[in-house]
Every structure is written in C-alpha cells, then in structure tokens.
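Take a look at the structure set out below.
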Amino acid sequence: MGQKDLEGFFASFLTKAPLFQNKKVLQANYTPDSIMHRDDQIKQMAHVLSPSLRNEKPSNIFIYGKTGTGKTVCIRYTTKKILSLAEQTKVPVFMLYLNCKLKKVADTEYRVIAQLARELKKTIPATGLPTDEVYNIFYKAINEKEGIYIIILDEIDQLVKKVGDEILYNLTRINSELDNAQVTLVGISNDLVFADNLDPRVKSSLSEEYLVFPPYNALQIQDILRERATKAFKPSVLQPGVLEKCAALSAREHGDVRRAIELLRVAGEIAERKSAVKVNIEHLDEAEEKIEKDRVLELVETQPKQFQATLYAILNLCKKQKNEQISTGDVYEIYKHVCKQTGLIPLTQRRISDIIAELDMLGIIGTRVISKGRHGRTREITIAVPDQTIPKIYTILLEALDIKE
DNA sequence: CGAGATTCATGTGAAGTATACCTTTAGGCTTAA
DNA sequence: AAGCCTAAAGGTATACTTCACATGAATCTCGTA
C-alpha cells in the first residue's frame with residue numbers, strides 16, 4: 001500500500017459512518033451497571049459477603065459454573081458495590097482478584113502468592129526468593145493494613161490441577177497467622193468435579209458457602225445481547241435475526257455469554273471494515289470463524305519454541321498420513337528431525353510427552369491414551385482445529401521456527 | 001476354547017540437574033573529615 | 001572512618017532430564033472339555 005493510499009484509507013475511515021457508538025460495551029473487560037438474569041446469585045453473594053461491611057469476616061465461597069455464565073462479572077460487580085459502600089462508611093475492605101489461568105503469571109504456587117503480594121504494592125522478583133519468604137512478605141503486606149480482604153481466585157481448578165492444593169490449604173489457614181486483618185477466599189471454578197479431589201480440609205474450608213451458576217438459555221442470552229447491543233451500536237444497525245442467531249449459536253454450546261458478546265462485536269467490526277451499513281447474518285458467520293481462528297493463531301504464536309516445534313511435527317505427520325492415528329513415538333521422531341533442521345536442542349521424549357499433554361490442554365490438539373494391546377500404549381493424537389486454519393498455523397510455525405521450505 | 005500370563009510402547013511419578021535469578025555479606029575502593 | 005560499589009557465596013524456582021515403575025488390551029500359552 002503506497003502512502004497516498006494510506007492517507008486515503010485514513011480519510012475514508014474517518015468519513016465513513018461508524019456502526020458502533022460505544023464499542024467498549026462489547027469488550028471483554030466491561031462490567032455492566034446491571035446484570036440480567038443473575039439476581040439470585042448476586043443476592044446470595046451479597047448476602048455472604050455483607051458481613052465485611054461490619055468488619056466481620058465473611059465465609060469463604062466456592063463458585064461453580066461453566067465459562068461465560070457470568071461468574072466473574074457477578075463477583076466483580078458485587079465486590080465493587082461492597083467496596084464503594086465500605087469506602088463511604090469508612091470500613092476497611094479490600095479486594096484482590098487473580099486469574100490463575102494466566103500462564104507465566106499465576107500458574108505455580110510461587111507465582112500466585114507473588115502476584116497477590118504485588119497487588120498489595122510489593123515488588124517480588126520472578127524467581128530467586130524462597131516460597132516461604134514470599135508468603136511472609138504477603139502476610140506482612142496484608143497485616144499492614146487492618147481490614148477484611150476478599151481474595152478472588154478465578155479458575156482455581158486450572159491451578160490445582162497443575163500444582164496441587166497446597167496453596168489453597170495455606171491460604172485457608174492464613175487467618176490464624178494474622179492479627180490485624182482477616183481474609184475471605186472466593187474460589188471460582190469451571191470444573192465441578194475438581195472439588196472432589198481436594199484435600200477434605202481444604203474442601204470444607206473453601207466451600208463454607210457454595211454457589212452455582214447455571215448456563216444461560218437462548219432467551220436469556222438474547223436479553224443480555226439486546227441490552228448491550230442497544231448501547232454499543234447505532235440504532236437499527238443490526239439486521240433482524242442477527243441477534244437471535246448470535247444467541248442461538250452460543251446457547252447451543254453451553255450458554256456462554258462472553259462468546260456471544262464477542263461474536264457480536266467481531267461481526268460488527270467485520271461489517272464496518274466492509275463498509276456495510278448494517279450487520280447481517282453473513283458477517284456473523286464470518287465472525288464465528290474469525291474468533292476461533294484468532295484464538296488458535298494467537299495461542300500458537302505465543303507458545304515457546306519447543307511447543308511450536310512439537311506442534312509442527314504433529315501437523316506434518318497429520319498431513320502425511322491422513323487417516324492413520326499418530327502416536328507419541330512417531331511425533332518424537334519427526335520432532336527430532338525438526339530440531340536438526342532448525343538448530344533447536346532436542347528435548348527428551350519424556351518432556352515431549354508432557355508438551356503434547358499441555359497442547360491438549362490448550363485445545364489445539366486432542367489426545368486420548370489408548371492401549372494397543374500387544375503394541376503397547378500411546379496417545380492417539382488428533383488435530384482439534386478446523387481444517388481452514390491449519391495452513392495459517394503452518395505459516396506461523398514456519399516463520400517462528402525459521403524453516404525454509 | 002477360555003483363563004491367565006506375557007508383551008509392547010509409552011504413560012507417569014519421583015528425584016536429580018542446569019540455569020537464571022535473588023539476597024546477603026565481605027572486601028575493596030572512594031571520599032570527606 | 002564512613003559510605004558506596006562489586007563480586008562471591010549461598011539459596012530458590014523452573015524447565016528439563018534420568019531413572020524406574022505402572023498400564024492395559026492384543027496376543028500367546030497351556031490346561032481342559
């Protein structure tokens with residue numbers, strides 16, 4: 001694109017009538033002023049957490065619900081209300097929110113505690129400190145300011161699955177170490193079964209109160225979408241049926257509103273880019289494809305080199321032997337070859353086995369451990385990405401690994 | 001023919017190693033009195 | 001002598017390796033009908 005073109009592009013971008021009037025409303029981190037169809041949950045939450053306003057420690061809560069059922073928004077909303085109320089009445093209440101899923105931020109015991117301490121304005125190095133020491137810093141930071149601390153751990157199932165429940169045990173016992181402050185834990189999980197594998201002490205302590213978020217049905221999703229859409233879009237930009245289809249698509253999965261909202265936003269963006277006057281069904285379909293694609297591509301791009309190399313090996317193998325199932329051993333052979341080609345130091349098969357398991361967790365591939373009787377046992381690996389995206393992934397990997405074909 | 005025993009190829013857990021990074025401490029150098 | 005900087009020592013988390021054992025159904029073995 002020449003510079004002239006670019007100027008023209010900007011000019012036409014600015015003169016073009018935008019479809020959005022407030023796109024923020026459809027962005028992921030937006031907290032609405034009112035939350036629909038969650039009155040019960042919010043009421044219960046408020047009920048449990050309200051003692052904090054009298055400077056008494058609320059019970060710990062365990063919250064369960066599938067993704068996009070409003071868990072995070074509700075707890076954010078409720079705590080926000082409590083915090084502002086607490087500020088008015090000069091009651092010291094604090095809130096710490098942490099999403100344990102974030103890789104490299106909160107996926108080990110050390111990092112979680114360090115991150116929590118950082119929320120309290122402490123500087124903690126990424127490595128080098130003994131975990132006990134980090135605990136101490138954290139305890140001290142909390143004890144510095146008297147009050148009620150509400151610690152929200154989002155997606156703790158991911159954390160516990162990876163590093164065990166010791167952190168939770170320590171955190172539930174934290175109150176006996178403190179004399180000024182008191183801590184309430186809020187655990188949020190997507191996985192219901194996960195609670196059963198916890199240490200009984202942790203489990204009983206964490207789930208003093210128990211809250212379930214059922215999935216939204218299509219009608220509820222429609223309500224919510226309509227709410228947001230009227231705020232986000234200019235009037236009558238949405239073609240009839242778009243909203244309904246958007247809701248239906250998400251309801252079919254498991255009532256994931258976050259996805260529905262994202263879908264609507266991306267559809268709007270696509271329509272805008274095409275200089276369409278209205279958002280129609282085709283835009284929606286395109287958006288659905290794009291979202292999944294973007295998610296995967298982003299994921300692939302941000303993986304460590306070794307993960308990318310492993311994935312590249314798997315992809316290659318899949319291409320070569322279309323319908324045959326691929327096993328860890330095969331992947332490893334190709335992987336070693338890839339390493340030689342790229343100058344990467346090959347890891348052991350043991351490690352690759354783990355990497356494959358992690359790629360599975362990310363949802364890029366699907367694996368199943370099967371026993372082939374006499375012929376041992378292995379993972380059966382399949383690609384869990386729509387076929388159209390694979391070439392894109394390929395090019396990303398080629399570039400990332402610096403392979404010339 | 002059927003119940004065990006065997007076998008294979010890898011899953012999986014535990015323990016050890018290398019690396020990168022942290023704090024503390026001791027020594028050396030500079031500076032100001 | 002006090003203050004500051006540097007380098008070494010001692011310690012940790014994390015990613016990875018090494019070692020060793022666990023798995024589980026296809027296949028084999030062998031006693032029995």
Side-chain angles (χ1 to χ4, degrees), chain A residues 98 100-141 158-171 193-194 197-199 299-300 302-314 317-318 321 324-340 342-362 364-382 384 400-401:
Chain A
L98 190 61
C100 306
K101 192 179 63 178
L102 299 172
K103 227 183 168 183
K104 298 279 177 192
V105 174
D107 59 353
T108 70
E109 180 176 12
Y110 179 92
R111 300 216 255 241
V112 167
I113 304 302
Q115 195 59 33
L116 285 174
R118 281 189 204 116
E119 297 267 323
L120 294 168
K121 304 275 185 295
K122 299 284 170 194
T123 48
I124 308 282
T127 165
L129 251 53
T131 310
D132 295 1
E133 188 59 28
V134 183
Y135 268 108
N136 283 333
I137 295 173
F138 177 56
Y139 289 161
K140 239 168 79 191
Q158 305 274 332
L159 179 65
V160 171
K161 213 179 282 170
K162 246 189 130 168
V163 291
D165 50 14
E166 207 181 309
I167 317 167
L168 292 181
Y169 181 66
N170 287 334
L171 283 176
V193 198
F194 133 90
N197 307 326
L198 285 176
D199 184 320
L299 213 53
V300 170
T302 53
Q303 287 311 304
K305 274 256 158 61
Q306 295 288 1
F307 284 58
Q308 291 177 335
T310 312
L311 187 60
Y312 180 73
I314 294 172
L317 211 52
C318 261
Q321 35 186 281
E324 286 172 64
Q325 52 166 300
I326 38 184
S327 63
T328 308
D330 302 340
V331 172
Y332 189 63
E333 286 308 310
I334 306 287
Y335 161 81
K336 275 197 294 196
H337 186 71
V338 172
C339 283
K340 204 179 283 172
T342 59
L344 222 56
I345 301 158
L347 303 178
T348 45
Q349 182 157 346
R350 176 72 186 81
R351 181 61 188 148
I352 296 302
S353 178
D354 279 351
I355 289 180
I356 290 175
E358 285 188 55
L359 286 173
D360 176 34
M361 289 263 287
L362 292 170
I364 302 175
I365 60 175
T367 70
R368 206 160 51 111
V369 180
I370 53 161
S371 181
K372 292 196 289 181
R374 193 68 197 261
H375 307 291
R377 109 209 172 99
T378 184
R379 281 200 176 87
E380 187 186 73
I381 302 170
T382 49
L401 296 169

**Request:** Please state whether the phosphate of B/dT12, meaning OP1 or OP2, lies under 4.0 angstrom from any side-chain nitrogen or oxygen of A/Arg379.
**Result:** yes
**Message:** Do A/Asn170 and A/Glu109 have side chains that approach each other closer than 4.5 Å (heavy atoms only, starting at C-beta)?
**Reply:** yes
**Asked** Is it the case that A/Arg379 and A/Ser353 place a side-chain donor and acceptor less than 3.5 Å from each other?
**Response** yes
**Listed nucleotide nearest any side-chain atom of A/Arg374, set C/dT17, C/dT12, C/dC28** = C/dC28
**Message:** What's the closest nucleotide to the side chain of A/Thr108 if the choices are C/dT14, B/dT10, B/dT23?
**Reply:** C/dT14
**Prompt:** Stepwise, does the side-chain contact (heavy atoms from CB on, under 4.5 Å) test hold for A/Asn136 with A/Glu133?
**Reply:** CA-CA 5 Å; A/Asn136 283 333; A/Glu133 188 59 28; 4.3 Å; yes
**Prompt:** Could a donor-acceptor pair under 3.5 angstrom be found where the side chain of A/Arg377 meets the base of C/dT23?
**Reply:** yes
**Item:** Among C/dA13, C/dA26, C/dC19, the one nearest A/Thr131 by side-chain distance
**Value:** C/dA13
**Asked** Do A/Gln349 and A/Tyr335 have side-chain atoms, one donor and one acceptor, less than 3.5 Å apart?
**Response** no
**Message:** If I take atom CG in residue A/Leu347 and atom C1' in nucleotide C/dT18, what distance separates them, rounded to the nearest angstrom?
**Reply:** 14 Å
**Asked** So what does A/Pro346 touch, heavy atoms closer than 4.0 Å: a base, only the sugar-phosphate, or nothing?
**Response** sugar-phosphate
**Residue whose nearest DNA chain B nucleotide is more 5′ - A/Thr127 or A/Ser327** = A/Ser327
**Prompt:** OP1 or OP2 of C/dA25 sitting under 4.0 Å from any side-chain N/O of A/Ser371?
**Reply:** no
**Asked** Among C/dT17, B/dT10, B/dT23, which is the nearest nucleotide to the side chain of A/Arg351?
**Response** C/dT17
**Item:** Polar side-chain contact A/Arg350-B/dG13 base: donor and acceptor under 3.5 Å
**Value:** yes
**Request:** Grab the CD1-P distance between A/Ile381 and B/dA9 for me, whole Å please.
**Result:** 16 Å
